[in-house]
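Along the sequence shown, residues are numbered consecutively beginning with 1. For ligands, and for the atoms within them, numbers begin at 1 and follow the listed sequence.
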Amino acid sequence: MEQPSSLVDRLLAPRVVYALTFIVVALVGTLHFLPKEWASEIDVSVLPTINALLNATAAILLVSAFIAIRYRRITIHRNLMLTALMTSVVFLLLYTVYHTLSPGPTLYTGQYPMFYRSVLFSHIILAVIILPMALFTVRHGLGDRRMEHRKLARWTFPLWLYVSVTGVLIYGMLYL
Ligand code: HEM
């Protein structure tokens, strides 16, 4: 007989995860084209620094969680991964706030435009892909479906780490 699905399994069911991904991508995409009449009223210039720190924190949490599972510390691994997920969710919220209130995207004026563009392009594409992947990886992890979790986590971990690290790199290239 089929097992009744848990609350997490239902909350993170594929159709919910894909709908959420679609909403986030549509929202962030739309923000780049919105007229920003109210933009200059509120100073949001501190947000890129906070967002870079959140990305750096997520990267440190991911590596720590990876080390924890190498030592078979499952509870520590779970808590660190869930904290990394929370960090990325807060990042996404502040990123949305920043792009709603800022006058427009910051342009790169440094010496390596090709390198910058390839990092930015890969970062954006993988950031979209990592959203459902991270949620499905957490879903399998919390559901204790170890085979499925391991199979997906081997991709989720390096890709998420790449997105977090390149987030910091992009900030450095734009603002430092
Ligand atoms: C998106 C978040 C997560 C990522 C990226 C992630 C990543 C990983 C990675 C890379 C491994 C090692 C796989 C291997 O052996 O090659 C692993 C194993 C494991 N993870 Fe996660 N994990 C996440 C969330 C969770 C959560 C929330 C739990 C809940 C308890 C969990 C439980 C486990 C367990 C039990 C293993 C050992 C599987 C086994 O070898 O039998 N993980 N995870």
State whether the shortest distance between N or O atoms of [X] and N or O atoms of ligand 1 falls below 3.5 angstrom.
X: Arg154; result: yes
X: Arg146; result: no
X: His77; result: yes

Nearest to [atom] by heavy atom, [options]: which?
atom: atom 5 (C) of ligand 1; options: Met81, Met133, Arg150; result: Met81
atom: atom 27 (C) of ligand 1; options: Arg70, Arg78, Arg73; result: Arg78
atom: atom 11 (C) of ligand 1; options: Ile69, Val138, Leu135; result: Ile69

Using a 4.0 Å heavy-atom cut-off, which part of Arg139 comes near ligand 1: side chain, backbone, both, or neither?
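Under 4.0 Å from ligand 1, Arg139 contributes no heavy atoms.
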Pairwise side-chain contact, [X] with [Y], heavy-atom cut-off 4.5 Å (strictly under):
X: Leu20; Y: Leu135; answer: yes
X: Ile170; Y: Tyr116; answer: yes
X: Val16; Y: Leu12; answer: no
X: Tyr108; Y: Leu174; answer: yes

State the atoms of ligand 1, each with its element, that fall below the 4.0 Å cut-off from a heavy-atom position in [X].
X: Phe66; value: 10 (C)
X: Ala134; value: 1 (C)
X: Trp160; value: 1 (C), 2 (C)

Strictly distance-based, threshold 3.5 Å: is any side-chain N or O of His140 a donor or acceptor partner for the main-chain N or O of His149?
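Looks like no, no N/O pair under 3.5 Å.
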Among all the protein's non-hydrogen atoms, which is closest to atom 42 (N) of ligand 1, and how far away is it?
His149 NE2, 2.7 Å
The protein heavy atom nearest to atom 7 (C) of ligand 1 is Ala153 CB, 3.3 Å
To the nearest 0.5 Å, what is the distance between CE on Met147 and CG on Leu152?
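Nearest 0.5 Å value for the CE-CG distance: 13.0 Å.
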Count the heavy atoms belonging to other residues, nucleotides or ligands that lie under 6.0 Å from OH of Tyr112, then report whether that count exceeds 12.
no
Can you confirm whether Arg145 is buried at CZ, in the sense that more than 12 heavy atoms of other residues, nucleotides or ligands lie under 6.0 Å from that atom?
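Yes, enclosed.
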Please find out if less than 6.0 Å separates the ring center of Tyr98 from that of Phe91.
no
For ligand 1, is there an atom lying under 4.0 Å from some heavy atom of Met147?
no
